[in-house]
Amino acid sequence: MTREQIKLRSAISNLTVHARRIIEGLRAGGHVSTRAGASVEFDRYRGYQPGDDLRHLDWRVFARSERLVIKRARLETTLDVLLLVDVSGSMSFGSGGSWGSKFELATAIAGALAWLSVESGDRVSACRCAGVDTDICLPRAGGAGLAQVMELLKSPATSGTRLTFDEVSRVVVAVTQRPGLVILLSDLLDPPESFQKGIGQLRHAGHDVLVIQVLDRAERLFDVPDEVRLEDLEGASNRRLHARAVRDDYLDALNRHQTSILRTCRGLHVDHMLVDPHDSPIPALRAMLQQRSGSHESPRRTG
Amino acid sequence: MTAPTLSMYLVAVIPTLIIAGLITALLPLLVLLLIRRRSKRLSWGAMWLVQETLRRRARLKLLRILLFIIRSSVLPIAAAAIAGVWFLSVGSSSNQPQLIIVDDAIGAWVTGLDGRCAMDDHLDTLERLQDLSDDDMHVVLLSGRRLLSSGTEQVRALKPVSSGPDWTTALKQVRHLTTLYGIDHALLLSDIRSGTLITFNADELPAVAVHYESPKDTIRDTIRITGVDAPRKVLLPGDPFKHGQLVISLTRSNAITGLETKVLVDLLASDGTTVDDRHAETVVWQPGERNQLVFMTIPTDASSDGLLHMHVEGSNSPASKWWVRVQHHTSAEVTMITNARKQDFDPSSAASWVAAAVIAGSSDRSLTVRWLDHHDLQVDALPPSMPLIVIEPELLSGSTWSTLRDRVGAGPTLVIPSVDASTSWFNSFLEQLEGFESIDGLPITHRTIEGGEAMVSEESNPLKLLSGELQNLLRPVRIERLVDLNPLIQNKIASAVVSIGDQPLFAQINESNIIVSALSWHPSWSDLPIRGAAPAILQELIRSKSGGSGARDVIASSSSTRVAGPQSNGGLVQPNAAAAAQAKPDRAMLQQLTEAGWTTGTTYDAASTTQAWTTPLAIALLVLLTIELFVAHIIDRRRVSRVVQP
């Protein structure tokens with residue numbers, strides 16, 4: 001385990017990863033299913049109605065009060081957590097932040113989330129995505145799951161490639177066997193149409209999606225020397241420019257890009273979080289997980 | 001030692017100046033090279049965003065150039081458009097001109113028994129039209145005189161001219177005005193009682209709405225309807241629906257596009273009871289259209305006076321004013337055989353004579369004239385007993401005449417050698433012509449009308465003379481109950497386009513009641529006489545009158561000498577511009593006419609066309625301003641330059 005992941009683990013070990021939506025699972029765990037069934041966790045009573053299964057009658061209540069009531073229970077299931085990590089060339093960019101490059105921060109967060117998921121009894125898998133190539137492993141629970149995720153994430157980012165998120169989403173939808181939680185870690189510095197289409201495919205397949213966008217401070221502020229020759233990490237389109245002249249236009253374009261991404265996330269009910277390798281991601285992650293843990297309670301339903 | 005001259009001084013100094021100048025010129029370049037910093041290389045992940053930024057900057061640069069061009073060109077275009085509007089205001093005072101064709105031929109000045117002439121009605125109509133709007137009223141005079149730029153006053157100031165209708169020139173003027181101002185219809189005010197104007201060919205005047213009206217036959221009332229669905233009752237005396245068709249002329253004061261107006265008519269008996277069910281006709285107004293004719297056929301056997309209970313409803317402005325004129329028609333049909341291929345030839349004048357005579361013979365009839373080009377005439381297909389009117393038979397080619405005579409001469413025949421028999425030389429011509437018993441060896445049967453030199457007077461009105469003769473011809477004619485105005489109903493305009501060899505028309509020739517043959521004799525106007533015997537006869541007669549020489553001159557001057565009678569040209573003379581220019585007036589006759597109050601006609605003077613380009617300029621200006629606003633909006637869109645925060 002890397003030092004960053006240990007740091008993360010100690011900070012957020014008291015938290016639990018919860019999916020916002022109640023999903024159907026195969027194994028009992030810490031997540032709530034929409035399907036009613038036999039379980040030890042009591043939920044509530046309701047009055048008997050003709051046609052109800054007599055096995056669910058609470059005879060003790062009948063003995064005490066001579067009222068026929070049905071006892072309802074909650075079924076707990078497991079959750080499949082898929083960590084989608086962008087390994088395109090742009091992710092290798094870093095400007096000396098304490099958490100390293102964008103890719104290093106993304107893998108740290110992915111590792112921590114994988115650990116927490118395994119600890120909660122969920123099945124975890126990971127996917128390295130860049131261009132149209134996706135390297136994906138199947139979801140597994142326990143230490144085996146965590147080990148395969150760590151193995152997949154230890155390779156560095158791929159230079160000279162660009163993320164084609166809609167293609168990646170298509171593959172993920174085809175490979176995953178059931179809806180789960182998909183956590184995307186990427187800088188999202190690609191045309192927003194691809195992102196919009198990919199997120200839409202995931203949501204359409206029933207996945208709960210969490211987007212963790214990683215942007216370096218230099219990218220956010222366009223903090224580059226005045227006379228600079230920018231060399232593309234994802235291609236050969238190098239440009240020489242006078243940074244001061246284009247800085248405002250760059251910030252304007254970045255704002256529009258961000259607005260488009262946030263609008264997409266809002267429209268598809270996807271949580272979005274922005275982290276920077278220069279800053280600790282822990283507060284933002286804690287807030288995100290708390291928020292998701294709280295929002296998980298309200299839609300709980302029982303059979 | 002010699003003192004240094006000026007040239008030596010210059011030779012010594014100039015190289016120094018050149019070197020200093022070069023250093024000064026290179027100084028900025030040197031400074032630039034000295035302060036030039038080497039750009040640093042930086043691997044960059046957000047290159048897509050940088051490229052988007054640069055693309056947007058390039059696009060904005062292009063838009064700014066476009067904006068500069070637009071703003072630079074707006075001013076000249078606006079100036080040109082304003083100048084065009086100024087020119088337009090000089091030529092006319094409105095954007096919605098109306099085109100009125102006023103029949104000011106001499107027949108329009110002949111007063112009837114009520115002491116009114118057709119021109120009085122024309123003036124009434126013009127005044128009412130002027131009340132409706134302030135739009136310009138371009139008046140085309142049927143006598144071929146100059147255009148009038150405004151309506152009533154100039155028409156009121158007109159004096160009778162010694163000329164019949166010049167359809168060719170008038171239609172050229174109409175075509176010119178309709179093209180210039182985008183007018184799609186015109187209103188014809190003529191003293192011919194009723195009927196349909198034929199456009200000579202579709203290309204020349206495709207959509208001119210023409211409306212003949214007669215003071216006697218027109219039942220008119222002015223209905224001002226302010227607001228929607230305000231019914232008004234109009235008394236229509238004299239069994240208005242027994243023989244004919246209602247023609248409702250709708251004129252509106254606004255020019256809103258795309259409105260529909262429904263004209264509802266209930267026919268009531270004089271006691272107020274409903275005689276007939278409601279009749280409705282929907283009128284769709286085209287952009288800028290202010291006048292429409294609504295034709296309603298209301299068959300009824302009512303024999304008493306009728307009450308027309310009419311109201312107009314539709315999406316009209318409450319401020320709209322309507323002028324509704326009601327007219328009814330009865331009909332007779334005449335097929336006109338003519339040489340329609342010659343545009344200079346004016347067969348309608350001759351037809352006007354016949355039409356007027358038919359109506360005079362039966363005061364409650366209107367006339368539908370069908371035209372047929374003589375080249376397409378299959379005489380063999382004509383019924384043998386069909387009445388035949390031949391105007392100017394001396395101009396027929398021998399073969400045509402013989403064919404006509406052989407085929408249709410068995411029925412009633414009226415020969416009108418000329419509609420103008422007022423001049424002595426022509427009377428002599430007629431007398432000598434009557435001496436001819438044959439043309440090209442074929443016998444001729446004459447039934448000529450009497451008129452002579454008293455043709456000008458009311459008592460010897462040629463209309464009456466003609467009608468008297470026509471009674472014999474028209475007696476067997478069945479008067480149809482309804483006017484055959486089907487083409488007019490479909491097109492909503494009173495026009496019938498006749499093309500050469502029109503098959504449907506040709507197919508209807510057997511249904512016609514009478515055949516009129518009107519042909520021109522002048523060699524330069526018609527090719528008919530070239531092979532016929534008439535030119536030779538005519539020239540021989542003229543030569544004998546003029547002393548054997550200058551026959552051509554005499555022919556040329558004949559158009560101005562035959563000017564005394566009403567409708568004097570009658571299809572015989574076509575006073576187009578060229579002919580008028582060549583005509584040599586008979587001074588004695590002119591003096592006599594001038595003393596009698598006649599004035600000579602003038603040739604058509606084309607209107608100015610300076611305003612033709614005003615509308616495109618104004619549209620271009622609007623388009624440019626719209627583009628300018630759009631581009632400026634894109635460029636000035638607020639730029640968000642705040643930093644994206646986690």
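Remember, it's a predicted structure, so these values are computed and weren't measured experimentally. Each chain gets a letter, A, B and so on, in the order its sequence line appears, and its residues count up from 1.
Within the 4.5 Å cutoff, no side-chain heavy atoms of A/V224 are placed close to those of B/K40. Looking at heavy atoms from C-beta onward, B/V50 lies in side-chain contact with A/F222 at the 4.5 angstrom threshold.
Heavy atoms only, all atoms of each residue included: A/L189 and B/A46 are closest at CD1-CB, 3.3 Å. Heavy-atom minimum distance, B/G45 versus A/S90: O-CB, 3.3 Å. Scanning all heavy atoms of the two residues, the minimum distance from A/L233 to B/S43 falls at CD2-CB, 3.7 Å. Of all heavy-atom pairs between B/W48 and A/P192, the closest is CH2-CD, 3.7 Å.
Under the 4.0 Å criterion applied to side-chain N and carboxylate O atoms, A/E231 and B/R41 are assigned as salt-bridge partners.
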Could you walk me through whether A/F93 and B/M47 pass side chain to side chain contact (heavy atoms under 4.5 Å, CB included), step by step? CA-CA 11 Å; A/F93 178 77; B/M47 205 62 193; over 6 Å; no
Test log, rule side chain to side chain contact (heavy atoms under 4.5 Å, CB included), inputs A/Y250 and B/L49: CA-CA 7 Å; A/Y250 174 88; B/L49 213 54; 3.7 Å; yes
Does the pair B/L42 and A/R229 meet the rule for a side chain to side chain contact (heavy atoms under 4.5 Å, CB included), with working shown? CA-CA 6 Å; B/L42 181 64; A/R229 176 183 172 82; over 6 Å; no
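Between chain B and the options A/K102, A/Q213, A/R240, the largest number of non-hydrogen pairs under 4.5 Å is found for A/R240. Between chain B and the options A/L241, A/L254, A/D276, heavy-atom pairs under 4.5 Å are most frequent for A/L254.
Atoms CD and CG, from B/E52 and A/D249 in turn, are 12.5 Å apart once rounded to the nearest 0.5 Å.
At a 4.5 Å heavy-atom cutoff, B/L60 makes no contact with chain A through either its backbone or its side chain. Both the backbone and the side chain of A/E219 come within contact range of chain B, judged by heavy atoms closer than 4.5 Å. If you measure heavy-atom distances from A/N238 to chain B, the contacts under 4.5 Å come from the backbone alone. Of the atoms belonging to A/D190, it is backbone heavy atoms, and not side-chain ones, that fall under 4.5 Å from chain B. For A/R239, the parts lying under 4.5 angstrom from a heavy atom of chain B are both the backbone and the side chain.
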